[in-house]
Amino acid sequence: MKNMDLLNLLLDRRSCRKFRPEPLDRPTLAAIVEAGRYAPSAMNGQLCRFYVITDPQMLQRISDTVSRRLKGFEEKDCRYGAPALVLVTNQESNGCALQDAACAMENMMLAASAVGVGSCWINQPYHLRKDEEMQALLTELGAQSGEFPCCSLALGLPEGPLFPGRREHTGNGVTWVTGEKNS
Ligand SMILES: Cc1cc2nc3c(=O)[nH]c(=O)nc-3n(C[C@H](O)[C@H](O)[C@H](O)COP(=O)(O)O)c2cc1C
C-alpha cells in the first residue's frame with residue numbers, strides 16, 4: 001500500500017477497532033503526530049497540543065476513567081486496547097478549537113494509513129471535558145488551565161487488514177451551484 005496515491009488513500013482509509021498489543025516505534029508515532037502538527041488552523045493559530053501517550057499505566061487509567069465516568073462504557077475499553085493514544089487539546093478561548101483539532105485528526109489518520117498503522121478517532125475525552133477526574137488526568141499530563149480535550153486518536157498495528165475495502169458513502173450530499181442550466 002506504500003505507493004497508493006493520496007486520492008485513493010482518502011477514499012480507502014478506515015477506522016481500526018482491533019489492535020495488536022505491540023508498541024509502535026517512536027519515529028513512526030512522531031511522523032504521524034508531525035502530520036497533525038502541520039494541519040491548517042484558523043488564522044494559523046497552531047493552538048492544538050498533542051499528548052502522545054504510550055505509557056501502559058496511563059493508557060489504562062484513561063480507559064478506566066471513561067468506563068467509570070461515562071454512561072455506556074462501564075464494560076468497554078474506549079481505546080480498543082490500542083498501544084498508543086494521541087490526545088489533542090486546544091484552548092477554550094479559541095472559537096475554532098474543534099475545527100482545528102479535527103483538521104489535525106484527519107491529517108494524523110491519513111498519515112497513519114500511509115505508514116501502515118491503524119487508527120480510530122476516540123471522542124470520549126471530549127465528552128468528559130468538564131469531568132473533574134478527566135481534568136485531573138489532563139493536569140497530570142501537563143495541561144495548563146484554559147486547555148480542554150477536543151478528541152483523541154487510538155493508534156496501533158491493525159489486527160486485521162489496514163484497508164478492509166472501500167465502503168460506499170451514500171450520505172454527505174453534494175449540491176452543485178454553477179449558474180448553468182442542466183448542470
Ligand atoms: C467526530 C468523530 C467522532 C468519532 N468518535 C468515535 C468514537 O468515540 N469511537 C469510535 O469507535 N469511533 C469514533 N469515530 C469513528 C467513526 O465511527 C467512523 O469514522 C465512521 O463510522 C466511519 O467509518 P470509517 O472511519 O471506517 O470510514 C468518530 C469519528 C468522528 C469523525
Side-chain angles (χ1 to χ4, degrees), residues 1 4-21 24 32-33 35-36 39-42 47-53 58-92 94-131 133-135 137-138 148-174:
M1 288 297 173
M4 177 184 266
D5 68 42
L6 180 58
L7 288 177
N8 277 327
L9 186 71
L10 290 167
L11 301 191
D12 286 335
R13 179 215 54 80
R14 294 293 308 278
S15 296
C16 173
R17 296 190 178 87
K18 227 171 182 195
F19 293 97
R20 302 217 313 247
L24 294 170
I32 294 168
V33 175
S41 58
L47 294 170
C48 284
R49 180 147 206 99
F50 301 83
Y51 295 88
V52 187
I53 306 163
M58 182 50 83
L59 289 169
Q60 193 56 50
R61 286 176 64 197
I62 291 170
S63 293
D64 290 347
T65 297
V66 171
S67 294
R68 248 197 321 276
R69 311 291 278 190
L70 207 56
K71 218 170 157 236
F73 281 83
E74 295 84 354
E75 307 294 323
K76 290 184 199 153
D77 173 8
C78 68
R79 55 168 235 285
Y80 307 105
L85 188 76
V86 180
L87 183 68
V88 182
T89 68
N90 207 299
Q91 298 293 320
E92 281 162 359
N94 175 12
C96 290
L98 293 179
Q99 291 90 333
D100 289 354
C103 286
M105 289 287 278
E106 179 69 348
N107 263 21
M108 290 195 289
M109 290 189 279
L110 293 170
S113 294
V115 297
V117 170
S119 70
C120 188
W121 184 309
I122 305 298
N123 218 39
Q124 286 70 46
Y126 172 72
H127 297 305
L128 288 175
R129 66 196 178 282
K130 300 209 166 113
D131 177 87
E133 202 175 311
M134 179 56 74
Q135 286 177 345
L137 270 184
L138 270 168
F148 75 102
C150 299
C151 40
S152 63
L153 190 66
L155 292 166
L157 296 176
E159 186 62 64
L162 182 62
F163 299 104
R166 190 173 293 183
R167 192 159 60 169
E168 195 193 342
H169 279 208
T170 52
N172 292 342
V174 180

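Ligands are counted one by one from 1 in listed order, and the atoms in each one are counted from 1 as well.
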Engineer: For atom 15 (C) of ligand 1, what's the nearest protein heavy-atom neighbour? Residue, atom name and distance, please.
Structural biologist: R17 NH2, 3.6 Å
Engineer: Among all protein heavy atoms, pick the one closest to atom 9 (N) of ligand 1 and tell me residue, atom and distance.
Structural biologist: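 Answer for atom 9 (N) of ligand 1: W121 O, 3.4 Å.
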Engineer: Does any N or O of ligand 1 fall below 3.5 Å from an N or O anywhere on H169, backbone included?
Structural biologist: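 No, since none of the N or O atoms of H169 sits under 3.5 Å from an N or O of ligand 1.
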Engineer: Please list, in number order, the atoms of ligand 1 under 4.0 Å from a heavy atom of Q124.
Structural biologist: 8 (O)
Engineer: Are S63 and F73 close enough, and set up right, to give a side chain to side chain contact (heavy atoms under 4.5 Å, CB included), and what steps lead you there?
Structural biologist: CA-CA 9 Å; S63 293; F73 281 83; over 6 Å; no
Engineer: Which residue owns the protein heavy atom closest to atom 23 (O) of ligand 1, what's the atom, and how far is it?
Structural biologist: R167 NH2, 3.0 Å
Engineer: Give, for atom OG of S119 and atom CG of L153, the distance between the pair rounded to the nearest 0.5 Å.
Structural biologist: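 It is 5.0 Å, given to the nearest 0.5 Å.
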Engineer: Who's the nearest protein heavy-atom neighbour of atom 19 (O) of ligand 1, and how far?
Structural biologist: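 Checked against all protein heavy atoms, atom 19 (O) of ligand 1 sits closest to S15 OG, 3.4 Å.
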Engineer: Looking only at protein heavy atoms, which one is nearest to atom 27 (O) of ligand 1, and how far off is it?
Structural biologist: R13 NH2, 3.2 Å
Engineer: Residue-level breakdown please: for M105 versus ligand 1, do any non-hydrogen atoms fall below 4.0 Å on the side chain, on the backbone, on both, or on neither?
Structural biologist: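 For M105, no heavy atom sits under 4.0 Å from ligand 1.
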Engineer: Please could you name the atoms of ligand 1 that C120 approaches to less than 4.0 Å, counting only its heavy atoms?
Structural biologist: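 Those of ligand 1 that fall under 4.0 Å from C120 are 10 (C), 11 (O), 12 (N).
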Engineer: Does any pair with a residue in residues 64-73 pass salt bridge (Lys or Arg N to Asp or Glu O under 4.0 Å), and if so which ones, sequence neighbours excluded?
Structural biologist: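 Listed once each, the pairs are R68-E133, R69-D131, R69-E133.
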Engineer: Identify, with sequence neighbours excluded, every residue that meets side chain to side chain contact (heavy atoms under 4.5 Å, CB included) alongside Q135.
Structural biologist: none
Engineer: Output, in order, the C-alpha distance, side-chain angles, deciding distance and verdict of side chain to side chain contact (heavy atoms under 4.5 Å, CB included) for L98 and N90.
Structural biologist: CA-CA 8 Å; L98 293 179; N90 207 299; over 6 Å; no
Engineer: For ligand 1, does C151 get within less than 4.0 Å through its side chain, its backbone, both, or neither, judged by non-hydrogen atoms?
Structural biologist: neither
Engineer: Do me a favour and list the nearest non-hydrogen protein atom to atom 11 (O) of ligand 1 with residue, atom name and distance?
Structural biologist: Y80 OH, 2.5 Å
Engineer: Is there a side chain to side chain contact (heavy atoms under 4.5 Å, CB included) between M58 and L137 once you walk through the steps?
Structural biologist: CA-CA 9 Å; M58 182 50 83; L137 270 184; 3.8 Å; yes
Engineer: To the nearest 0.5 angstrom, please state how far the CG atom of L85 sits from the OH atom of Y51.
Structural biologist: 13.0 Å
Engineer: Does some non-hydrogen atom of M109 fall short of 4.0 Å from ligand 1?
Structural biologist: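 Heavy atoms of M109 never come under 4.0 Å of ligand 1.
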Engineer: Hey, could you give me the CZ/SG distance between R79 and C120, rounded to the nearest 0.5 Å?
Structural biologist: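 The distance works out to 12.5 Å.
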